Amino acid sequence: MSNYKFGANGNGKGKVVYNPGIVNGIVALAINEVEGVRLVSGKRRGISLFFEKDGVYADVSVGVHYGHNVPELAYRIQQSVKQNVENMTNYTVAKVDVHIQDVVFDELPVKTEPKSSAENGGLIGVNETEEA
């Protein structure tokens, strides 16, 4: 469990205890806010958290949608995780490592093949007129 003591000067008489699963959920929500990214499926959803004295260290594994700028997405993930965790828990985020595990290709439209001449009754767009 992770503890955070609260009070104006840090000498409060109470403490807030965050379950690591709560912080894991906050990180997952932060990643889902970034367009063009999806979490890797699995038991831990591709998120590893380490709580140290100098802050929270996060390793996240994601898949990116084809066509997005990968360095820009990684930066946006880092910023989103840092902002959400620090705002919701008052923890300091020391480091966010982003691992790109997959490129997701959206479904492409199926190409339709042109109709053959047999389907058109043997005519291929020829329009003949006879003169009398």
Side-chain angles (χ1 to χ4, degrees):
M1 298 265 181
S2 301
N3 295 328
Y4 174 75
K5 294 185 178 183
F6 64 93
N9 296 325
N11 57 6
K13 298 198 185 248
K15 63 181 176 179
V16 176
V17 179
Y18 294 103
N19 182 328
I22 299 296
V23 180
N24 194 313
I26 293 170
V27 171
L29 289 172
I31 292 169
N32 286 330
E33 287 181 356
V34 179
E35 184 180 337
V37 176
R38 71 167 179 84
L39 281 168
V40 174
S41 60
K43 184 177 179 182
R44 292 180 4 190
R45 297 184 291 191
I47 300 171
S48 297
L49 299 174
F50 306 97
F51 297 91
E52 303 291 334
K53 289 184 180 183
D54 60 336
V56 177
Y57 290 81
D59 282 338
V60 297
S61 297
V62 297
V64 298
H65 291 273
Y66 178 77
H68 289 276
N69 184 334
V70 174
E72 180 183 321
L73 284 179
Y75 177 76
R76 288 177 31 211
I77 290 168
Q78 290 171 328
Q79 294 302 310
S80 181
V81 168
K82 180 175 175 56
Q83 180 181 11
N84 281 296
V85 170
E86 289 181 353
N87 286 340
M88 293 184 193
T89 65
N90 290 328
Y91 283 141
T92 300
V93 176
K95 187 176 178 182
V96 179
D97 291 328
V98 178
H99 305 276
I100 308 300
Q101 297 292 328
D102 193 16
V103 176
V104 179
F105 294 94
D106 294 327
E107 290 187 27
L108 299 174
V110 178
K111 291 184 179 180
T112 57
E113 295 184 22
K115 294 182 179 182
S116 66
S117 61
E119 293 176 10
N120 290 332
L123 300 176
I124 306 178
V126 177
N127 191 5
E128 295 181 20
T129 59
E130 292 184 21
E131 293 183 22

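All figures in this text were calculated on a predicted structure; none of them were measured in a lab. All residue numbers in this chain count up from 1 along the given sequence.
Annotation: side chain of Glu33 is not in contact with side chain of Leu29 (no heavy-atom distance under 4.5 Å). Counting only heavy atoms from C-beta outward, the side chains of Glu86 and Thr92 approach each other to under 4.5 Å. The closest side-chain heavy-atom distance from Lys95 to Asp97 is below 4.5 Å. Residues Asp59 and His99 have side chains in contact (heavy-atom distance under 4.5 Å, counting atoms from C-beta outward). Within the 4.5 Å cutoff, the side chain of His65 has no heavy atoms near those of the Glu35 side chain.
A side-chain contact (heavy atoms from CB on, under 4.5 Å) with Val64 is found for exactly one of Val104, Ile77, Val70, Val34, namely Val70.
To the nearest 0.5 Å, atoms CG (Asn69) and CZ (Arg76) are separated by 9.5 Å. Of the inter-residue distances, the one linking Leu49 atom CG with Ile22 atom CD1 reads 12.0 Å to the nearest 0.5 angstrom. Note: Asn32 CG to Ser80 OG = 9.0 Å, rounded to the nearest 0.5 Å.
Residues His68 and Gly36 share a closest heavy-atom pair of NE2-CA, 3.6 Å. Here the closest non-hydrogen pair linking Asn84 and Ala30 is ND2-CB, 3.3 Å. Heavy atoms only, all atoms of each residue included: Arg45 and Gly25 are closest at NH2-CA, 3.9 Å. For Val96 against Gln78, the heavy-atom pair with the smallest separation is O-NE2, 2.9 Å. Here the shortest heavy-atom pairing between Leu39 and Ala28 reads CD1-CB, 3.8 Å. Pairing each heavy atom of Ser61 with each of Val40, the nearest pair is O-CG2, 3.2 Å.
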Please test Tyr57 against Phe51 for ring pair (Phe, Tyr, Trp, His ring centres under 6.0 Å), starting from the C-alpha separation and ending with a verdict. CA-CA 6 Å; Tyr57 290 81; Phe51 297 91; over 10 Å; no
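In terms of modelled atom types and a separation under 3.5 Å, the side chain of Thr89 and the main chain of Val85 share a donor-acceptor contact. A donor-acceptor contact shorter than 3.5 Å is absent between the side chain of Asn24 and the backbone of Pro20.
Under the 4.5 Å side-chain contact rule for hydrophobic residues, Tyr91 and Val16 share a cluster.
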